[in-house]
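By convention in this document, chain letters (A, B, ...) are assigned in the order of the sequence lines, proteins followed by strands, and residues within each chain are numbered from 1.
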2 protein chains.
Amino acid sequence: MAKESTVDQQLPKLGIAPYLQLMNNTMAKGTDRKSAQMGLLMLWLSDNVLDVIDEDLSAFGITESKLDLLLLLLLHEERELVTPSAIADRLGIRRASVTALLDWLEKRKWIAREQSAKDRRMIHVRITEEGVDLIDNVLPTFWATCASLLDDLDAEERKLFEKILVKLNGSIEKRLGVGR
Amino acid sequence: MAKESTVDQQLPKLGIAPYLQLMNNTMAKGTDRKSAQMGLLMLWLSDNVLDVIDEDLSAFGITESKLDLLLLLLLHEERELVTPSAIADRLGIRRASVTALLDWLEKRKWIAREQSAKDRRMIHVRITEEGVDLIDNVLPTFWATCASLLDDLDAEERKLFEKILVKLNGSIEKRLGVGR
DNA sequence: GAATTTAGTTAGATAATCTAATTGAATTAC
DNA sequence: GTAATTCAATTAGATTATCTAACTAAATTC
């Protein structure tokens, strides 16, 4: 039966062991084995975290980066001049990329562009009422999904993890020169 | 001066506080506040981890997903029949997407395709010597970059974090039905 | 007032994914 | 033992998120 031969040729899950084996053969002298191992796990976990969040958001027809931008606009709503340049700067992407994101969000009426009166080269970007409605719709499940990432940790572990998480995120933000 | 007005319109980094504020207003009843907060931090950290790794790998002209595929092939090198279908299954993507990845890797001579003699619909995919060379080149820095993610943690924190990391990755893999 | 700088967009590219259709080979069902 | 079906891989065509380079219009500098 073809179905079974398909199962037959399935690639077995090897687990982390062969990766560690490979690591021992390919690691530079100065690298700490345990740290590299944990870093690899962090990378895998990170991939998986993004997948979980993507999956959650896809039900709302939006992606993480776009939600991110909408939240940015919401949290800077009172600022009178939020420009594509400032957004690009903040998100660490090019202005041209911001133009594309804004085109997409504008088409769905979740943001609006208005030309600045002071300097007519500049554009003020703001979230619309519909955009706020979307966010109000998305966030309850979004927070629940975020929380669910920690479901398997007990109270003690959560407490320990919190400190570590803040530290790790702080140092990586410094390293990349980013931050929200 | 224009330069200064650009600085002027820069969006300030707000930190996590306004996100938590927003969370309080938009969270569903049953969601645990602290967990949601930590989940959000995990998401941010995950984004940053992928950025760090991407940056590291870009020096070698390869991306995480392609390295991932090459490692998969390396670790299954002795298997006589590694097909695009099996790869797709394992990576959780479509066969068509695997075709595209393989085209790219084959063009650079890092993998080779050979038709199966037994079933001529099937293709055996293997990593080439050049592919192994690439990996040997990439891995030393790759491991160092992985390890560097934990640079700021002290010995005690690392020990605690390891247990948590294994647990978190285990549960998220189960949830997504993936794994290596 | 001419040259330069700046903001935003457009054009065109690449990567990583998808779905739907196609091709060729193997299997199944009369 | 052929006809219909299934299966593996690819192709065609689309989307999202990014990039660089070129362009346009406005503001600033000299």
Side-chain angles (χ1 to χ4, degrees), chain A residues 1-10 47 50-51 53-55 57-58 60-69 81-108 111 113-125, chain B residues 1-10 47 50-51 53-55 57-58 60-69 81-108 111 113-125:
Chain A
M1 256 168 76
K3 205 71 190 212
E4 278 179 20
S5 95
T6 297
V7 168
D8 220 51
Q9 47 151 137
Q10 251 180 25
D47 278 338
L50 295 197
D51 283 352
I53 297 291
D54 270 7
E55 209 175 75
L57 292 179
S58 73
F60 298 93
I62 197 163
T63 57
E64 203 214 326
S65 36
K66 281 158 182 165
L67 176 60
D68 212 41
L69 174 47
L81 192 52
V82 177
T83 64
S85 287
I87 294 169
D89 216 59
R90 197 63 160 47
L91 298 181
I93 58 179
R94 294 292 169 170
R95 286 193 313 250
S97 309
V98 173
T99 298
L101 286 175
L102 294 177
D103 286 347
W104 192 95
L105 292 167
E106 194 179 40
K107 199 158 40 168
R108 283 151 187 85
I111 63 115
R113 285 165 158 126
E114 285 151 17
Q115 196 154 32
S116 163
K118 282 186 224 163
D119 184 334
R120 287 181 326 183
R121 288 171 305 182
M122 292 190 187
I123 295 251
H124 173 61
V125 180
Chain B
M1 255 168 79
K3 206 75 192 207
E4 278 180 18
S5 95
T6 296
V7 168
D8 221 52
Q9 47 151 135
Q10 251 180 24
D47 279 337
L50 295 198
D51 284 352
I53 297 291
D54 272 6
E55 209 174 77
L57 292 179
S58 73
F60 298 93
I62 197 161
T63 57
E64 201 214 327
S65 35
K66 280 157 183 165
L67 176 60
D68 212 40
L69 175 47
L81 191 52
V82 177
T83 64
S85 288
I87 295 170
D89 217 60
R90 197 63 161 46
L91 298 181
I93 59 179
R94 295 292 169 171
R95 283 192 313 239
S97 309
V98 173
T99 298
L101 286 175
L102 294 176
D103 286 347
W104 192 95
L105 291 167
E106 195 180 40
K107 200 159 36 170
R108 283 154 187 82
I111 62 118
R113 284 164 159 129
E114 284 150 17
Q115 197 154 31
S116 163
K118 284 187 224 165
D119 185 334
R120 287 182 326 183
R121 289 170 304 182
M122 293 190 187
I123 296 252
H124 173 61
V125 180

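Atom C1' of nucleotide D/dT10 and atom CE of B/Met122 are separated by 15 Å, given to the nearest angstrom. The CD atom of A/Glu55 sits 15 Å away from the P atom of C/dT17 (whole-angstrom rounding). Separating the CG atom of A/Leu69 from the P atom of D/dA17 is a distance of 10 Å, rounded to the nearest angstrom. For the pair A/Asp51 CG and C/dT17 P, the computed distance is 9 Å after rounding to whole Å. Spacing between atom CD1 of B/Ile53 and atom C1' of C/dA15 amounts to 18 Å, rounded to whole angstrom units. Taking atom CG of residue A/Asp54 and atom C1' of nucleotide C/dA16, one finds them 12 Å apart after rounding to whole Å. Distance CD (B/Glu114) to C1' (D/dA8): 17 Å, rounded to an integer number of Å. At whole-Å resolution of the value, CD in B/Glu64 and C1' in C/dT14 are 18 Å apart.
Using a 4.5 Å cut-off on side-chain heavy atoms (C-beta onward), B/Lys118 and B/Leu81 make no contact. Looking at heavy atoms from C-beta onward, B/Ile111 lies out of side-chain contact with B/Leu69 at the 4.5 angstrom threshold.
Remark: B/Asp68 engages B/Arg180 in a salt bridge (charged side-chain N to carboxylate O under 4.0 Å, His left out) (not counting sequence neighbours). Under the rule for a side chain to side chain contact (heavy atoms under 4.5 Å, CB included), the partners of B/Ala88 that lie at least two apart in sequence or sit in another chain are B/Arg95, B/Val98. Taking B/Glu106 as the reference, B/Arg113 meet the side-chain hydrogen bond (donor to acceptor under 3.5 Å, both in side chains) condition, with sequence neighbours excluded. B/Arg108 is linked by a side-chain hydrogen bond (donor to acceptor under 3.5 Å, both in side chains) to nothing, counting only residues two or more places apart in sequence or in another chain.
Taking 4.0 angstrom as the limit, A/Ser85 places a side-chain polar atom (N or O) nearer than this to OP1 or OP2 of C/dG8. For A/Thr63, a side-chain nitrogen or oxygen approaches OP1 or OP2 of D/dA17 to under 4.0 Å.
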**Q.** Pair B/Val125-B/Leu105, side chain to side chain contact (heavy atoms under 4.5 Å, CB included): steps then yes or no
**A.** CA-CA 11 Å; B/Val125 180; B/Leu105 291 167; over 6 Å; no
Q: Please assess B/Leu101 against B/Ile93 for the test side chain to side chain contact (heavy atoms under 4.5 Å, CB included), listing each intermediate value before the final yes or no.
A: CA-CA 11 Å; B/Leu101 286 175; B/Ile93 59 179; 4.0 Å; yes
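Listed by residue number, the members of residues 86-105 of chain B with any heavy atom below 4.0 angstrom from DNA chain D are B/Arg95, B/Ala96, B/Thr99.
Exactly one residue among A/His124, A/Arg121, A/Met122, A/Arg120 makes a side chain to side chain contact (heavy atoms under 4.5 Å, CB included) with A/Gln115. That residue is A/Arg120.
Of the candidates C/dG8, D/dT10, C/dT17, C/dT17 carries the atom nearest the B/Ser65 side chain, counting heavy atoms from C-beta on.
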I'd like a table of atom pairs between the protein and nucleotides 24-26 of chain C - only N or O on both sides, under 3.5 Å - with the distance next to each one.
residue: C/dA26; atom: OP1; partner: B/Arg120; partner atom: N; Å: 3.1

